[in-house]
Amino acid sequence: MKAGYIGLGAMGAPMARNLARAGLLAAVWNRSPAKADALAAELGVAAAADPAALAAAVDVAFLCVSADNDVLAMVEAMSAGIRPGSVVVDCSTVGSDTARRVAALLADRGAAFLDAPVSGGVEGARKGTLAMMVGGEAGVLETVLPVLRAVAARIVHIGPVGAGQGCKAVNQIMAAGIAQAVTEALAFGQAMDLPMDKVIEVVSGGAAGNWFLDHRGRTMVAGTFQPGFKLGLHHKDLLICRESAEKLGVSVPVTEQTIGEYARLMAEGYGDEDISALYRLKSR
Ligand code: NA7
């Protein structure tokens, strides 16, 4: 089975590398061509002329682009080349409605679709240890499972198309709460002049230990906020969560607070920093 990858950003590029390591990658494409050319040369695969050419050359086409409209634009751009029987796997974080729209567009071309957002950060993408939450037909997932295993260590079928994105919204709300708790607590520790290296070391081993503290705790107290996961992208995800919550009549106060605080940081020019830049506000 041959795979192609569209969207070679912080998450897409390392996932493409893992597909190449598994001998599955045939072609890549990126909006800014320099990234695709460099990665294609590094991995010895084709840099497709356009998304349609990539779609025509593969059985499984991965997508990992920023937002809903970008996914829709890419699927439109691929459609002339889509092979009947092929599968598009979207690892972007977008709304469930977008996933369903894309699935319908692809069904008209005889192709299948899985919404397959991931969690685990750039570290997980590099190591191939991502958690992948999948929406779509179980039979389609089964067909492409050997390919997905090259990029993700935990792959769970959540339900029909859109359910993967629903699960990702759960993940993103939880990630916001964890970011709030960790940045607030570490700023509090810093204000007490505690030795923060030691605080992080011991707290990590107890009941409050978590991934975000382990991977971003030391860098945030040192005042560096390299992504990681861009704050502006998490803001975009939380807007999706808020919209769903409104439709469901569910209250999401942590999400609301985080949206407001991210918006402040974005207005100050920090939107491309890691989400741990929330620490900037907590430590003022
Ligand atoms: P990055 O590192 O910001 O990468 C975004 C990628 O999406 C990058 O390759 C972009 O191309 C591409 N992109 C963005 N908009 C478009 C459009 N309109 N058309 C084609 N390609 C586009 O983000 P991450 O890798 O961290 O995250 C990607 C997704 O996974 C996102 O949904 C997250 O929430 C989760 P560029 O290189 O800028 O030309």
Side-chain angles (χ1 to χ4, degrees), residues 4-19 27-40 47-55 61-79 88-99 102 114-126 130-135 151-152 164-176 179 215-216 225-243 255 258-259 262 266 270-277:
Y5 213 107
I6 292 179
L8 306 171
M11 296 297 287
M15 290 171 84
R17 282 196 182 90
N18 284 328
L19 288 166
V28 292
W29 187 86
N30 193 68
R31 177 179 60 178
S32 315
K35 278 189 203 169
D37 291 344
L39 195 68
D50 51 43
L54 181 137
F62 283 83
L63 274 178
C64 191
V65 294
S66 304
D68 295 67
N69 284 340
D70 309 322
V71 170
L72 287 165
M74 282 301 93
V75 172
E76 285 287 336
M78 289 162 78
S79 68
V88 175
V89 177
D90 181 25
C91 298
S92 324
T93 299
V94 296
S96 299
D97 289 347
T98 298
V102 166
L114 297 175
D115 48 311
V118 293
S119 178
V122 285
E123 292 89 344
R126 274 190 212 116
L130 292 167
M132 180 179 269
M133 31 214 108
V134 185
V151 297
Q165 295 295 353
C167 181
K168 182 67 192 275
V170 172
N171 185 86
Q172 296 310 73
I173 290 176
M174 209 177 288
H215 290 82
R216 304 285 181 262
F225 309 103
Q226 283 280 102
F229 180 38
K230 285 182 196 152
L231 190 152
L233 287 176
H234 198 197
H235 180 260
K236 173 261 304 176
D237 297 347
L238 295 178
L239 293 178
I240 296 171
C241 297
R242 173 159 75 184
E243 199 185 322
T255 301
T258 311
I259 288 171
Y262 282 168
M266 287 158 69
Y270 299 125
D272 281 341
E273 288 192 343
D274 185 72
I275 63 168
S276 52

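Both counts, for ligands and for their atoms, begin at 1 and track the order of listing.
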Measure the distance from [atom] to every protein heavy atom, then report the residue, atom name and distance (to 0.1 Å) of the closest one.
| atom | answer |
| --- | --- |
| atom 23 (O) of ligand 1 | L233 CD1, 3.4 Å |
| atom 16 (C) of ligand 1 | R31 NH1, 3.4 Å |
| atom 4 (O) of ligand 1 | G9 CA, 3.4 Å |
| atom 14 (C) of ligand 1 | S66 OG, 3.3 Å |
| atom 36 (P) of ligand 1 | S32 OG, 3.4 Å |
| atom 1 (P) of ligand 1 | K230 NZ, 3.7 Å |
| atom 30 (O) of ligand 1 | C64 SG, 3.4 Å |
| atom 18 (N) of ligand 1 | D70 OD1, 2.9 Å |

Any N/O pair [X]/ligand 1 closer than 3.5 Å:
| X | value |
| --- | --- |
| T93 | yes |
| A10 | yes |
| F229 | no |
| V65 | yes |
| K35 | yes |
| S92 | no |

Original post:
Which word best sums up how the rings of F229 and H234 line up, parallel for under 30°, tilted for 30 to 60°, or perpendicular for over 60°?
Top reply: tilted

List every atom of ligand 1 that sits less than 4.0 Å from any heavy atom of [X], numbering the atoms from 1 in the order shown and giving each element.
| X | result |
| --- | --- |
| K236 | 31 (C), 32 (O), 33 (C), 34 (O) |
| G7 | 9 (O) |
| M74 | 19 (N), 20 (C) |

Original post:
Is the side chain of N18 donor-acceptor paired with the backbone N or O of M15 at a distance under 3.5 Å, no angle test?
Top reply: no

**OP:** Answer yes or no: is there a donor N or O on one side and an acceptor on the other, between the side chain of D115 and the main chain of A99, under 3.5 Å?
**Re:** no

With a heavy-atom distance limit of 4.0 Å, tell me whether [X] approaches ligand 1 through its side chain, its backbone, both, or neither.
| X | answer |
| --- | --- |
| N30 | side chain |
| L8 | backbone |
| D237 | side chain |

Original post:
Which residues pass the salt bridge (charged side-chain N to carboxylate O under 4.0 Å, His left out) test with E76, sequence neighbours left out?
Top reply: none

Subject >> For D272, salt bridge (charged side-chain N to carboxylate O under 4.0 Å, His left out) partners two or more places apart >> reply: none

Is there a side-chain contact between [X] and [Y] (heavy atoms, below 4.5 Å)?
| X | Y | result |
| --- | --- | --- |
| L130 | M11 | yes |
| C91 | M132 | yes |
| V71 | V102 | yes |
| I240 | Q165 | no |
| K230 | D274 | no |

Original post:
How far does CZ of F62 sit from CG of D90, to the nearest 0.5 angstrom?
Top reply: 10.5 Å

Original post:
Could you walk me through whether L63 and V75 pass the side chain to side chain contact (heavy atoms under 4.5 Å, CB included) check?
Top reply: CA-CA 9 Å; L63 274 178; V75 172; 3.9 Å; yes

